[in-house]
Asks: 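Quick one: this structure, given as structure tokens, is what I'll be asking you about.
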2 protein chains.
Amino acid sequence: MMKNTPRREDGLSRERIIEESIALLDSSGESGLTFRALAERLATGAGAIYWHVANKGDLLTAACDAIVARTLLAAPVADAAPQEVIRALALGLFDAIDAHPWVGPALTRAPLQMPMVRILERLGQQVRAMGVAEAGQFAAASALLSYIVGVSVQNAANAQMGRALGGDRTAILGEVASAWSALDADEYPFTRSIAAQFPQHDDRADFLAGIELILRGIAR
Amino acid sequence: MMKNTPRREDGLSRERIIEESIALLDSSGESGLTFRALAERLATGAGAIYWHVANKGDLLTAACDAIVARTLLAAPVADAAPQEVIRALALGLFDAIDAHPWVGPALTRAPLQMPMVRILERLGQQVRAMGVAEAGQFAAASALLSYIVGVSVQNAANAQMGRALGGDRTAILGEVASAWSALDADEYPFTRSIAAQFPQHDDRADFLAGIELILRGIAR
DNA sequence: ACCTGAACACCGTTCAAGT
DNA sequence: ACCTGAACACCGTTCAAGT
């Protein structure tokens, strides 16, 4: 009666398909995930994949969920202060999405589903541990969730565009800065004034600064 | 020597192409924007569009920028307190992205480009007006930017999934709530505890609450 | 300078047919 | 129960040829 008996060592399975999808997404980006390319890697026909997976969206969400689950597993469950755990969770997700840029869009396309719920749960537990009143817990946890996912997705998009444009990070930041400096002086005073400091800024540090802002706001 | 002399009233132009793209995106979603469908609406051939637009990504970014520019134009420039202006900008963008859900992904795919810069500028001006020290202005403005765009994108994705699933908002929220209630009690205590209150929550209000959190953090 | 439309090289998905 | 692979209905993009 065991349901999970694999019939062949090398038989197709949802897990194998998801693993190969992740490999493909990591090496060739979102446009690299193709049923034909996947079928070739799995030494099978394109149609076979549909026996284990509903469609491409389902596959992408499943791959995304696998990354999120692993990331949260690696984060500390521990005895640290709730604020400390939230910082660790936030940084873990930031780095994971940076390492797997395709996770960003995938997360956005699967709103109230499993990957998001996993994150919400972990954040919510810590918000509760911070002693936030019952009525405010959802708002606090979802503000953190939105900020973490939002910033991470944007950061990954930046990095990906950088890679697409040739790779030299400092050169690209320099180009952005000089494009900003060339904007109209009357219409874009703020952007012009920060253009110079932009190439030196640290995305990770800014991200953490935002977390700090929100944590401070939650703690009143 | 006038550069902008249109040769025919009904001639193709970047502006006309962008307007029709927006109409197409609004009525049929992101998958509805097709060079063939667009060519039909414009009574021209698919290839003609490439004379005015580099590629599909360029077109999507331009359509997105048009929406963002209009939204910011409609927002108050006024004599109100900076916090008040930030709230108004935030809500305006939230509502615009809700009304044009395709703007979310489009914004994300055009990181440090024009649409984002427009928003950053407006927020930055207000952050400066709040009296934030020079060194902290970029971090504060970009935290606001990330939060606003991140939450709006997710909210629009939710709404869009709702529409795709049949439209009945309360029914869908109810289903999400009952799916959350059915999660494992040991692994998902937080999610289960908020499941009941979830269908009554107000996305817009939660969004504003998060803005308040960040503003409070910025003001120290 | 601008437009036409056929052609190219792809996609995701389905489905009869096999084992 | 699971896999095969051809076929279908699309895509974005290019490009010779026209005006």
Side-chain angles (χ1 to χ4, degrees), chain A residues 1-25 27-64 102 105-106 109-110 160-161 164, chain B residues 1-22 24-25 27-64 102 105-106 109-110 161 164:
Chain A
M1 267 314 190
M2 332 190 168
K3 283 167 79 178
N4 295 331
T5 314
R7 41 192 62 230
R8 291 194 319 223
E9 276 312 308
D10 63 335
L12 224 46
S13 69
R14 196 162 212 269
E15 289 71 39
R16 269 195 68 213
I17 292 173
I18 291 170
E19 281 324 303
E20 289 300 339
S21 296
I22 291 174
L24 216 39
L25 286 160
S27 67
S28 336
E30 198 173 337
S31 69
L33 180 61
T34 279
F35 277 81
R36 276 163 247 255
L38 196 52
E40 196 180 6
R41 280 184 87 112
L42 292 162
T44 182
I49 298 165
Y50 280 87
W51 187 263
H52 302 274
V53 145
N55 51 45
K56 191 172 181 177
D58 176 36
L59 182 54
L60 203 61
T61 302
C64 170
W102 51 271
R109 246 171 277 148
Q160 212 173 13
M161 203 191 54
Chain B
M1 266 309 188
M2 330 190 171
K3 284 168 78 180
N4 294 331
T5 314
R7 38 191 64 230
R8 293 195 317 223
E9 277 310 311
D10 63 336
L12 225 46
S13 70
R14 198 162 210 270
E15 289 71 38
R16 267 195 70 214
I17 292 173
I18 292 170
E19 282 322 304
E20 290 298 340
S21 296
I22 291 173
L24 215 40
L25 286 160
S27 67
S28 338
E30 198 173 338
S31 68
L33 181 61
T34 281
F35 278 80
R36 276 162 246 255
L38 197 51
E40 196 180 6
R41 281 183 85 112
L42 293 162
T44 182
I49 298 165
Y50 280 87
W51 188 263
H52 303 273
V53 144
N55 52 43
K56 190 171 180 178
D58 176 36
L59 182 53
L60 202 60
T61 302
C64 170
W102 51 270
R109 246 171 277 149
M161 204 191 56

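FYI, side chains are in, hydrogens and waters are out, and symmetry mates aren't considered; it's all heavy atoms of this structure. Reminder, nothing fancy here: chain letters follow the sequence lines and each chain counts from 1.
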Asks: Reckon A:Leu59 touches a base, only the sugar-phosphate, or nothing at all at heavy-atom distances under 4.0 Å?
Replies: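 Nothing: the residue A:Leu59, judged by heavy atoms under 4.0 Å, touches no strand.
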
Asks: If you find the nucleotide of DNA chain C closest to B:Gly47 and the one closest to A:Ala54, which residue's nucleotide is nearer the 5' end?
Replies: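 Its nearest nucleotide lies further toward 5', so the answer is B:Gly47.
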
Asks: Rounded to whole angstroms, how far apart are CG on B:Leu38 and P on C:dC3?
Replies: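 Rounding to the nearest Å, CG of B:Leu38 and P of C:dC3 are 13 Å apart.
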
Asks: Does C:dA1 have OP1 or OP2 sitting under 4.0 Å from an N or O in the side chain of B:His52?
Replies: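 For C:dA1, OP1/OP2 do not have a side-chain N/O of B:His52 under 4.0 Å.
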
Asks: Output yes when at least one side-chain N/O atom of A:Trp51 is less than 4.0 Å from OP1 or OP2 of D:dC3, else no.
Replies: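 No, outside the criterion.
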
Asks: So which nucleotide does C:dT14 pair with, by the Watson-Crick or G-U wobble rule with both distances under 3.5 Å?
Replies: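 Looking at the geometry, C:dT14 pairs with D:dA6.
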
Asks: To the nearest Å, give me how far apart CD (A:Glu30) and P (C:dG12) are.
Replies: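 Value for this atom pair: 11 Å.
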
Asks: For the residue pair B:Leu59 and B:Leu38, establish whether any side-chain heavy-atom pair is separated by less than 4.5 Å.
Replies: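 Answer yes - side chains close enough.
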
Asks: Does B:Glu30 come within less than 4.0 Å of B:Arg109, counting only side-chain N to carboxylate O?
Replies: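 Here B:Glu30 pairs with B:Arg109 in a salt bridge, since their nearest N and O are under 4.0 Å apart.
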
Asks: Could you work out which one of D:dT13, D:dC3, C:dC3 sits closest to the side chain of B:Tyr50?
Replies: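 Among D:dT13, D:dC3, C:dC3, the one nearest the side chain of B:Tyr50 is D:dT13.
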
Asks: Between B:Leu42 (CG) and C:dC3 (P), how many Å, whole number?
Replies: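 Between P of C:dC3 and CG of B:Leu42: 10 Å.
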
Asks: Roughly, in whole Å, what's the span from CZ in A:Arg16 to P in D:dC2?
Replies: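 Rounded to whole Å, this separation is 15 Å.
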
Asks: Taking a pair as Watson-Crick or G-U wobble with both distances under 3.5 Å, which nucleotide is matched to C:dT19?
Replies: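 Base partner found: D:dA1.
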
Asks: Rounded to whole Å, how long is the line connecting atom CG of A:Asp58 with atom C1' of C:dG12?
Replies: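 Distance, rounded to whole Å: 14 Å.
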
Asks: Mapping A:Arg36 and A:Ala43 to their closest nucleotides on DNA chain D, which lands nearer the 5' end?
Replies: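 Its nearest nucleotide being more 5', the pick is A:Ala43.
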
Asks: If you check every side-chain atom of A:Ala48, which of D:dC3, C:dG12, C:dC3 has the closest atom?
Replies: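 Nucleotide nearest to A:Ala48's side chain: D:dC3.
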
Asks: How long is the straight-line distance from OG of B:Ser13 back to CG of B:Leu42, given to the nearest 0.5 Å?
Replies: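 Those atoms lie 9.0 Å apart.
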
Asks: As a quick check of understanding, evaluate side chain to side chain contact (heavy atoms under 4.5 Å, CB included) for B:Thr34 and B:Leu24, giving each step before the final call.
Replies: CA-CA 9 Å; B:Thr34 281; B:Leu24 215 40; 6.0 Å; no

